[in-house]
Amino acid sequence: MIFCLAAATAMLPHLNLWPRIAQDEVQILDLGRTALNPVTDWSMGWLVEESRPRSAGRISTVALQELAFALTAPSNFGPRFFSLLGAILAATAALGWLLARSSPPLAALLLASAFLLDPLFNESYRQARVDSWAFVFVLSACWLLQATRGPMPSAQRRWWLLFVAGLFAGSAPSVWKTSYALMPLVALEFFYVLQAVWRRAAERPLSRVLSNGAGFVAGGAIAFVSLHAGVFLNWASYLTNLQRDFRVQSAGVVTSRNIFDMYFLYDPIIVLAVVASLLIRRELGLFLALAVSLLMMYQTMMYPMRILYLLPYFAAIIGGACAVIASGREKPRRKAILIGTLALLISWNAGVSLVKRPLIAYFQQDARSPDHIREVLEDAIGVGPYRVLLEEWDMYYAARSLGWKSYKVYGPLRRRSPKFREFLKGMDYVIQRNNYQHLVSSEEQLEAAGFRQVSTLSFMQPSITEISLGPFKVRAPNSVYDDAVVYQRVAK
């Protein structure tokens, strides 16, 4: 925990500057806003054909992100700090789970630290995604399940621990849907518990297994049903939203990137650590759980924040290998390879998450400042309840602070449909970057709807794009926020 707090202290000063404001951060926060204000008449996930905002379907962690934003508005620090807090708790749960899985204490501590500083996970919580809170619930469930495998003072205590584990597991899907990819891991730990109960039972083993299993299932069912009560009361709308989300995800499958390519690009050292661990120990149950998880993932779009959910599987694989080494049953060469890989993993993760990214944020703070975006937008349009088709995610916080009603179309869109033409004519302004290929509105379409280009938004560019650290050089982006074009609807 002390290490987690120290790491958090290193990240806090420029937490709001890196990474740049992007899609996931805005979508999650705006889902939280609409969850707390379902009658809102604007959204960054606007369903044009239905003339309403996309809904989260339930009050969940996304709503807490909106409340965190309210505490620091107009700054984006609140949601990012809330996600960082979740990451610290998730790393703590990971530590407890790995210890319960018989990983050596030092190895468990190092793996939990590597988990917190993992480049993919670090990017997730620094951009205010709620994956960290999904990990809190799932890893807490796994921790409690592993804890019940050992001897218990009483059967009643084991039952209640399993019930609480069920509460954690049943709550996870309401935090973030991708947590379903971790349910095979939870199921594996649950199987191990029932297996242990069966083996220890001197008599009536089936009755004991069913009794303990009922505790976990009851907790999971209560949590899941309670947190999805709004869904069950409005199931037709929820199914419609689910089908639309699946169509969006299915459309993205064709553009998905290979999972191995992504890990070698974004998180290469964890792959080496897993390979080194598999030379020492191979747990069949983990393989099966991982295979089911991958099968689930490949039904949707694969991108870096999706494969992030493989990290707990990798941590269990590496932790198991460390347990074998601690027992002294492994060859010295393989032991040296694993220890060297773990040292490299910690060094790499710390270098990326505690050195490189904070340095980029510090040396490029002027170009990355959300306040600068607000100044540019205020000069171009001003303060007021303007209806703006805002095609650019990075302007969301500034737009909210200026009192705009910002819209971004969600889901498949027919540009020539009467509904979209009517929607477009209801806008006061349109802001978009014309060099992008996924434009909702072409210039011809905007002209037909009565819009004309009135200005170009030019954002400050970084003055430093390379940072020297002795013999090392850190390359930083030479552009943070590209120029954008403003169109205004003129009276006819």
Side-chain angles (χ1 to χ4, degrees), residues 90 92-105 107-108 111-112 134-174 179-227 281-293 296 309 312-324 326-327 329:
T92 304
L95 174 61
W97 173 52
L98 290 169
L99 288 172
R101 267 187 150 260
S102 301
S103 295
L111 282 173
F135 283 140
V136 168
F137 283 89
V138 172
L139 293 176
S140 295
C142 291
W143 183 6
L144 288 174
L145 286 169
Q146 273 291 331
T148 60
R149 289 181 64 183
M152 288 277 116
S154 67
Q156 185 179 27
R157 181 175 180 181
R158 175 182 280 110
W159 193 95
W160 280 109
L161 283 175
L162 288 170
F163 178 80
V164 175
L167 289 177
F168 277 119
S171 301
S174 71
S179 61
Y180 281 116
L182 291 173
M183 289 302 113
L185 183 61
V186 175
L188 174 66
E189 300 290 23
F190 182 47
F191 170 76
Y192 286 156
V193 171
L194 298 183
Q195 186 181 57
V197 170
W198 178 281
R199 290 174 176 173
R200 282 199 177 92
E203 57 182 20
R204 299 170 58 198
L206 181 59
S207 174
R208 292 181 181 276
V209 165
L210 293 176
S211 173
N212 282 274
F216 178 78
V217 172
I222 289 173
F224 187 84
V225 172
S226 300
L227 293 170
R281 184 173 187 265
R282 291 168 291 279
E283 183 179 331
L284 178 60
L286 267 178
F287 274 122
L288 293 175
L290 179 58
V292 174
S293 180
M296 295 168 65
Y309 282 76
Y313 295 96
F314 294 162
I317 291 172
I318 299 170
C322 291
V324 173
S327 67
R329 301 195 309 268

Hey, could you give me the CZ/CG distance between Arg157 and Leu162, rounded to the nearest 0.5 Å? 12.0 Å

Tell me yes or no: between the side chains of Trp143 and Glu189, is some donor less than 3.5 Å from an acceptor? no

Atom of Tyr313, atom of Leu185 and distance for their closest heavy-atom approach: OH-N, 3.4 Å

Hey, mind stepping through Phe216 and Val186 against side-chain contact (heavy atoms from CB on, under 4.5 Å) and telling me if it holds? CA-CA 11 Å; Phe216 178 78; Val186 175; 3.7 Å; yes

Closest approach of Met183 and Ala169, non-hydrogen atoms and distance? CE-O, 4.0 Å

Sub-3.5 Å donor-acceptor pair from the side chain of Ser179 to the main-chain atoms of Ala172, do we have one? yes

Please report the C-alpha distance between Leu145 and Tyr192 in whole Å, then the side-chain angles of each, then the deciding distance to 0.1 Å, and finally whether the side-chain contact (heavy atoms from CB on, under 4.5 Å) criterion is met. CA-CA 8 Å; Leu145 286 169; Tyr192 286 156; over 6 Å; no

For the side chain of Ser174 and the backbone of Ser171, is there at least one donor-acceptor N/O pair under 3.5 Å apart? yes

Return the CG to SG distance between Leu111 and Cys322, rounded to the nearest 0.5 Å. 5.5 Å

Looking only at heavy atoms, the pair that brings Ala289 and Pro184 closest together is O-CB, 3.4 Å

Could you check whether any side-chain heavy atom of Arg101 comes within less than 4.5 Å of a side-chain heavy atom of Glu283, counting everything from C-beta outward? yes

What's the spacing between Ile317 CD1 and Arg282 CZ if we round to 0.5 Å? 11.5 Å

Less than 6.0 Å separating the ring centroids of Tyr309 and Phe135? yes

Can you list the residues that meet the salt bridge (Lys or Arg N to Asp or Glu O under 4.0 Å) rule with Arg149, with sequence neighbours excluded? none

Taking only residues two or more places apart in sequence or in another chain, which ones pass ring-ring contact (aromatic ring centres under 6.0 Å, His included) with Phe314? Tyr263

Of the non-hydrogen atoms in Phe163 and Ala218, which two are nearest, and what is the gap between them? CE1-C, 4.0 Å

To the nearest 0.5 Å, what is the distance between CG (Leu139) and CG (Leu182)? 7.0 Å

Closest heavy-atom pair, Pro104 versus Ala326, reported as atoms and distance to 0.1 Å, is CG-CB, 3.4 Å

Using side-chain contact (heavy atoms from CB on, under 4.5 Å), reason through Leu188 and Leu286 one step at a time and then give a plain yes or no. CA-CA 7 Å; Leu188 174 66; Leu286 267 178; 4.0 Å; yes

CG-CH2 distance between Asn212 and Trp198, expressed to the nearest 0.5 angstrom: 13.0 Å

Non-hydrogen atoms of Val209 and Val197 that approach each other most closely: N-CG1, 4.0 Å

Donor-acceptor contact below 3.5 Å, side chain Ser103 vs main chain Ala108: no

So, Ser140 side chain and Phe137 main chain: donor-acceptor pair closer than 3.5 Å or not? no

Any donor and acceptor pair, going by atom type alone, linking the side chain of Trp159 with main-chain N or O of Ser211 inside 3.5 Å? yes

